[in-house]
Trainee: 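Starting off with a structure, shown below.
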Amino acid sequence: MLIHAVLGFSVLETLVLAALLLAWADRVAGARLLAAFLTGISLWMVGNELPNWVGPETEPVAIRLLATAPFTSALFFHFCTVFCRVDLGRWGVAAAYALGGGASAVSIVLVPGHLIHHRDIGWLAVADPVGMVASMAWVILGIGGVCVLLHALLRARRLGDGQKFRQIAAVTASCLWGLLCLAGYGIAVLDWPIYPFPLLGLPFYSLILVYGILRYGVFVANAWARRALVWALLLALGLVVVALTPLLPLESRWLGGLAVAASVLALNGPVRRVAERLVYPGADVSAADLAAWRRTLGLAETPQALAGQAAALLSARTGTQVEVHIGDAPPAAASSAPQLVCGRAGEGWAVSLQGWDAAPPGPRHVAELFGTVVAEAAERVEQAQQFAARERERQLQARLAELGALAATVAHDIRNPLNIISMAVAAAPGDTRREVAEQVARIAHLTHDLLDFAKPWKLAPSTIDLATQVRNAALRLPDVSFGPGLDQPLWLHADPRRVDQALTNLFENARMATAPGSDANAPAAARTHSHVHIDAETTATTVLLHVCDAGPGVPAEIRDRLFEPFASRSPGGTGLGLAIVARTMAAHGGTVALTERAPWSTCFTLSFPRTPAP
């Protein structure tokens, strides 16, 4: 009978789709739960068809297979919560499994129904009172799962998450389709005088459910869907031609067969294009589309913003989640989504497509055209950033020029008064002379730093060993330890005088922070080990130098502006030492940052571009 053949095919199809989900379990949230649910559906269909395939003597086995339906509904409910990211807590999921598992266990023990014979279906299971109670359990769990889907559907629509909305809508539609198909059993049980035709649509239930989820997450699923749709349409057209063949003035079967084959071959191209448009909507790109893309992508100001906007546009256009990378290579880990990579290529930007092997020509053409717009936008963003950087540098140089002129005037005007003050206290008591000398030195130090920070200077780079330079510069520190990272040469292409100045400023900063009385709040482990600790480490592209101390730390109020002029953590500091360090590192293409390295209270990390050993 037709229904039994269809249900047999549906069992095989459902098991294949469950295996497919297990193979792609890392790409779909809740895929393993969905595979388990589909396996439960297969067992339920086998329970319905086993008496018809083998005979009514299999009634005990068939009835007990049907008794697993409540537990299968619990799997469906759990899948809905995971797929829709609805957190019901451990007890909520446990309650669902307790209801479904308990109902299934009771049904298996007490036997929930018996077989009757139907004129259209053959042997059919009918529920007893125990089965009716068990049915209430799977009905409750099924309704609960649908409510979770509807809640998530409304949330996705409110948040504007189009992809998640379409996925959840596909799952919800499959549930409605499954309910419609099960109406065929209702027709048979109620013994209505019509054929239970809804059961013929049962193979589409699991297909709609799985494809609706994979469509937006696994690109190759769309390629398979296109091929399947092409063959289905060609088969339908072939059947139509066969039905119309008797109307043709052809008496030979060979000529009739040739007419069918010629018709199918002639329609092959149009059918493929129709299938491609159905599976991949929006494959044609118009001038208006290009203008809209340029206008939308033109709003991005950074490569990250451009990549996010481009991914959203291309994903919406192709109906598949697409990753876009601007200016950097995609991560090494394999990605399930196709990727559009836009990077520097000579004088301009070039785009490459990765993971598009399963895509037909239409979507690939869309991605290629879209890529040209992305490349234009990437070049515009790069030019805008370069212009902004030049403008910031111009403004910085202008401010430094003003500051330099001011510093030179102040230094000239203050030098003579300082000399007069120093001479005026020559006959004063020793404590007074020491205090005045200390304050005069402080003003002179501030003047020197101000002049050095403000005046323009250029680098004179050469190949240096940072480890040796660090050890030489640290000779002035009273209490210092070196980490193992400084035991081997650390080669850099840098200006030795400027690097030494930056190191001296950092070391002096650490020395002042760890002066007697300044480290009372330092961690005990740091105080007992050493006041200042210096270490280094290397990566493939950088050399990192860590200068840590056990001082009182950096006050929270100046952390955000620590490397700006006149921000000092030491009471006697000028506030220019770290600003000079930051300027020196920027000139070398590196950075300086305040980092955390236990047990030290303060740690500054210098990052230099790495240079191959000479």
Side-chain angles (χ1 to χ4, degrees), residues 434-435 437-439 441-446 448-450 452-453 466-467 469-486 490 498-537 543-586 590-608:
R434 282 192 297 273
E435 178 67 22
E438 184 178 327
Q439 297 303 322
R442 180 181 176 186
I443 296 174
H445 186 201
L446 173 60
H448 177 270
D449 284 351
L450 191 60
D452 187 65
F453 179 77
L466 181 62
Q469 192 142 355
V470 166
R471 291 183 180 275
N472 291 336
L475 292 176
R476 295 182 290 271
L477 291 176
D479 191 4
V480 62
S481 64
F482 298 101
L486 294 168
L490 302 172
R498 290 298 177 183
V499 170
D500 185 72
Q501 180 186 25
L503 294 176
T504 300
N505 286 352
L506 270 185
F507 296 163
E508 181 65 19
N509 191 69
R511 185 192 64 78
M512 294 177 63
T514 56
S518 64
D519 61 343
N521 297 323
R527 292 200 306 271
T528 57
H529 183 267
S530 179
H531 284 300
V532 180
H533 180 73
I534 307 172
D535 199 0
E537 58 182 310
V543 174
L544 302 176
L545 181 69
H546 307 291
V547 180
C548 306
D549 65 63
V554 178
E557 60 269 16
I558 66 169
R559 281 178 174 266
D560 294 339
R561 54 186 184 88
L562 187 58
F563 300 102
E564 296 178 3
F566 308 112
S568 175
R569 65 168 177 153
S570 302
T574 64
L576 289 170
L578 292 179
I580 293 174
V581 173
R583 186 181 178 195
T584 301
M585 295 304 299
T591 59
V592 58
L594 179 66
T595 55
E596 299 288 339
R597 290 177 66 85
W600 308 98
S601 58
T602 306
C603 188
F604 291 97
T605 298
L606 303 181
S607 176
F608 293 92

Trainee: Looking at every heavy atom in both Ser601 and Gly551, which two are closest together, and how far apart are they?
Mentor: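 Residues Ser601 and Gly551, closest heavy atoms: OG-O, 2.5 Å.
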
Trainee: Between atom CD of Glu537 and atom CG of Leu490, what is the distance when rounded to the nearest 0.5 Å?
Mentor: 11.0 Å

Trainee: Can you list the residues that meet the side-chain contact (heavy atoms from CB on, under 4.5 Å) rule with Ala582, with sequence neighbours excluded?
Mentor: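 In terms of side-chain contact (heavy atoms from CB on, under 4.5 Å), with neighbours along the sequence ignored, Ala582 is linked to Phe563, Val592.
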
Trainee: Donor-acceptor pair, Thr602 side chain versus Asp549 backbone, under 3.5 Å?
Mentor: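 No, because the side chain of Thr602 does not come within donor-acceptor range (under 3.5 Å) of the backbone of Asp549.
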
Trainee: So, for Cys548 and Trp600, which heavy atoms are closest and what is the spacing to 0.1 Å?
Mentor: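 Answer, listing the atom of Cys548 first, then Trp600: CB-CG, 3.5 Å.
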
Trainee: Would you give the length of the straight line joining atom OG1 of Thr504 to atom CG of Asn472, rounded to the nearest 0.5 angstrom?
Mentor: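 Spacing of OG1 (Thr504) from CG (Asn472) equals 10.5 Å.
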
Trainee: Does Gly485 offer a backbone N or O that forms a donor-acceptor pair with the side chain of Asp535 under 3.5 Å?
Mentor: yes

Trainee: Under the criterion side chain to side chain contact (heavy atoms under 4.5 Å, CB included), which of Val581, Val547, Thr584 is the partner of Leu606?
Mentor: Val581

Trainee: What distance separates Leu578 CG from Asn509 CG, expressed to the nearest 0.5 Å?
Mentor: 4.5 Å

Trainee: Give the minimum heavy-atom separation between Ser481 and His533, together with the two atoms involved.
Mentor: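 Between these two residues, the closest heavy atoms are OG-ND1, 2.6 Å.
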
Trainee: Grab the two heavy atoms, one from Arg471 and one from Leu486, that are nearest each other, plus how far apart they are.
Mentor: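 It is NH2-O, 3.5 Å.
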
Trainee: Should Val480 and Phe507 count as side-chain neighbours, where that means a heavy-atom distance under 4.5 Å?
Mentor: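 When only atoms from C-beta onward are counted, Phe507 and Val480 do not touch, as no gap falls below 4.5 Å.
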
Trainee: Can you tell me how far OG1 of Thr605 sits from CG of Leu594, rounded to the nearest 0.5 angstrom?
Mentor: 8.5 Å

Trainee: Go through the structure and list residues passing side-chain contact (heavy atoms from CB on, under 4.5 Å) with Ser607, not counting sequence neighbours.
Mentor: Thr542, Leu544, Thr591

Trainee: Where do Ala474 and Phe482 come nearest, in terms of heavy atoms and distance?
Mentor: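 In this case the closest contact between Ala474 and Phe482 is CB-CZ, 3.8 Å.
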
